[in-house]
Amino acid sequence: MEKKKIILSVALAVKNEEQNLASCLSSIQGIADEIIVVDGGSTDKTIEIAKKFNTKVIQTDNPLIFHINKQKALDACQGIWILQLDADEVVTDKLQNEIKEMIKSERYNGYYIPRKNYFWGHFMRKGGQYPDYVIRLVKRGKAVFPCKSVHEQIEIEGEVGYLKEPLLHYAYKTKNDYWRKADAYTTLTAWKLKQEGIQKNLRNWAVYVVFKPIVTFFTIYIRHKGFVDGWYGLVFAYWSALHFPIAWKKYVKNM
């Protein structure tokens, strides 16, 4: 029997995602010819859940720069196209249909997909959280993660297009979700400060504890109109502004 051609692979890198993974994998059953899951040492039921969806699971360690595992997932895919997802993301039926149409075209080597970000019971409309374009649909062999930053985009060789239908991103369902992820992000920022040899002096204290938080808050809340989201926008801007003081404290005390 002739082996079925793999048109679309779905690639995920995960760790301890038992609360999210089933919803994510259920949402791509109608379009995925292959699902690759790179697991960074889960201690919950993540792997068990993944295997229920006929995925190929690759077990490895959990590097500080998690995009290293995302790149491993891309490298393992055999499809002509790859949809790279996070476990807390869901593909809607409308987005599925749009993806099916776009992968018939040869014009682009990748596509930006808008995301609707969920924050504590509310889909954000502004504050840089929507449309929040991310490159997620790519041609195999034409995309690579630089693996330098947690918020970096995939780099594409060639032209990039845009999809219209949003990806649903349930990033912060609860307050604990937010601060669990913030802990990882601030640790990475502290590590980068160490790698860059940032001096622990009064000037840099002012930069990371005073100046950057103020700029971050007003950028999100005023420039990107976070105020449109009301109380949610205010809290999100304030918590985002705390990123640099927390990272600075970790750097000074622990590194």
Side-chain angles (χ1 to χ4, degrees), residues 13-17 40-41 61-71 86 88 112 115 117-135 144-155 169-255:
V14 302
K15 183 183 179 185
N16 292 337
E17 291 286 359
D61 59 358
N62 190 50
L64 187 59
I65 298 179
F66 200 50
H67 286 185
I68 292 172
N69 282 359
K70 292 184 179 183
Q71 184 61 47
D86 291 341
D88 56 5
Y112 282 98
R115 283 196 305 185
N117 287 293
Y118 190 82
F119 176 69
W120 212 357
H122 173 78
F123 275 112
M124 303 291 281
R125 292 174 292 165
K126 293 292 184 178
Q129 298 304 296
Y130 183 77
D132 185 29
Y133 283 101
V134 287
I135 299 175
V144 64
F145 278 102
C147 296
K148 295 179 181 178
S149 167
V150 70
H151 295 298
E152 69 193 8
Q153 291 275 10
I154 302 175
E155 292 182 351
H169 186 208
Y170 293 93
Y172 310 118
K173 294 179 182 177
T174 67
K175 176 182 177 181
N176 288 340
D177 282 345
Y178 183 92
W179 288 110
R180 175 174 52 83
K181 292 183 179 182
D183 182 55
Y185 296 156
T186 53
T187 296
L188 179 58
T189 297
W191 176 79
K192 287 179 67 177
L193 293 177
K194 180 181 179 180
Q195 294 299 110
E196 294 168 7
I198 301 299
Q199 293 185 353
K200 300 175 183 179
N201 56 33
L202 183 60
R203 178 183 178 278
N204 285 328
W205 172 87
V207 168
Y208 286 93
V209 178
V210 180
F211 180 72
K212 283 183 177 289
I214 291 173
V215 170
T216 299
F217 179 85
F218 282 101
T219 297
I220 293 172
Y221 195 67
I222 303 299
R223 181 183 176 190
H224 293 303
K225 301 180 181 179
F227 58 83
V228 170
D229 287 295
W231 178 83
Y232 297 99
L234 178 64
V235 173
F236 185 81
Y238 174 62
W239 285 0
S240 298
L242 294 178
H243 174 94
F244 290 105
I246 293 171
W248 177 260
K249 183 177 180 180
K250 286 182 177 182
Y251 173 53
V252 171
K253 286 194 171 184
N254 304 319
M255 297 186 181

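Along the sequence shown, the residues carry numbers beginning at 1.
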field: L193 vs Y208 side-chain heavy atoms within contact, under 4.5 Å
entry: yes
Taking atom CZ of F227 as the centre, does the number of heavy atoms from other residues, nucleotides or ligands within less than 6.0 Å exceed 12? yes
side-chain hydrogen bond (donor to acceptor under 3.5 Å, both in side chains) filter on H169, not counting sequence neighbours, yields D88, R115, N117
Derivation of the side-chain contact (heavy atoms from CB on, under 4.5 Å) call for M124 and F119
CA-CA 7 Å; M124 303 291 281; F119 176 69; 3.9 Å; yes
Passes side-chain contact (heavy atoms from CB on, under 4.5 Å), W205 versus V210? Steps please. CA-CA 8 Å; W205 172 87; V210 180; 4.1 Å; yes
Correct closest heavy-atom pair for D61 and P63 would be O-CD, 3.3 Å
Within 45° cone of F66 ring axis and under 6.0 Å: K15 NZ or CZ | no
All heavy atoms of A190 vs all of A247, minimum pair found to be CB-O, 3.5 Å
Tell me which donor-acceptor pairs under 3.5 Å the side chains of residues 232-239 have, and how far apart each pair is, sequence neighbours excluded?
none

From the list W231, W179, Y172, ring-ring contact (aromatic ring centres under 6.0 Å, His included) with W120 holds only for W231
Item checked: Side-chain (Q153) to main-chain (I135) donor-acceptor, under 3.5 angstrom -> yes
So salt bridge (Lys or Arg N to Asp or Glu O under 4.0 Å) across residues 234-245, not counting sequence neighbours, yields none
Residues at least two apart in sequence or cross-chain that pass side-chain contact (heavy atoms from CB on, under 4.5 Å) with Q195, listed by chain then number, are W191
Contacts of R223 meeting salt bridge (charged side-chain N to carboxylate O under 4.0 Å, His left out) (sequence neighbours excluded), chain-then-number -> none
Of all heavy-atom pairs linking I220 and S240, the shortest is CD1-CB, 3.4 Å
Review point. Does the K225 side chain pair with the main chain of G128, one donor and one acceptor, at a distance under 3.5 Å?
Key: no
Residue pairs passing the salt bridge (Lys or Arg N to Asp or Glu O under 4.0 Å) test with at least one member in residues 118-127, sequence neighbours excluded, are R125-D229
- Candidate pair I198 and Y251, rule side-chain contact (heavy atoms from CB on, under 4.5 Å), full reasoning: CA-CA 10 Å; I198 301 299; Y251 173 53; 4.2 Å; yes
query = Given F244 and T216, is the side-chain contact (heavy atoms from CB on, under 4.5 Å) satisfied, shown in steps?
reply = CA-CA 9 Å; F244 290 105; T216 299; 3.7 Å; yes
Output for pair (I68 CD1, N62 CG), nearest 0.5 Å, gives 10.0 Å
T189 meets the side-chain hydrogen bond (donor to acceptor under 3.5 Å, both in side chains) criterion, sequence neighbours left out, with H243
Residue pairs meeting salt bridge (Lys or Arg N to Asp or Glu O under 4.0 Å), one or both in residues 244-255, sequence neighbours left out, come to D183-K250
So the salt bridge (Lys or Arg N to Asp or Glu O under 4.0 Å) pairs with at least one residue in residues 203-215 (sequence neighbours excluded) are none
Hits for side-chain hydrogen bond (donor to acceptor under 3.5 Å, both in side chains) against Q199, two or more places apart or cross-chain, chain-then-number order -> N201
Those residues at least two apart in sequence (or on a different chain) that pass ring-ring contact (aromatic ring centres under 6.0 Å, His included) with Y118 are F123, Y170
Only one of N69, I154, I65 passes side chain to side chain contact (heavy atoms under 4.5 Å, CB included) with F145, and that residue is I154
Those residues at least two apart in sequence (or on a different chain) that pass side-chain hydrogen bond (donor to acceptor under 3.5 Å, both in side chains) with K173 are N20
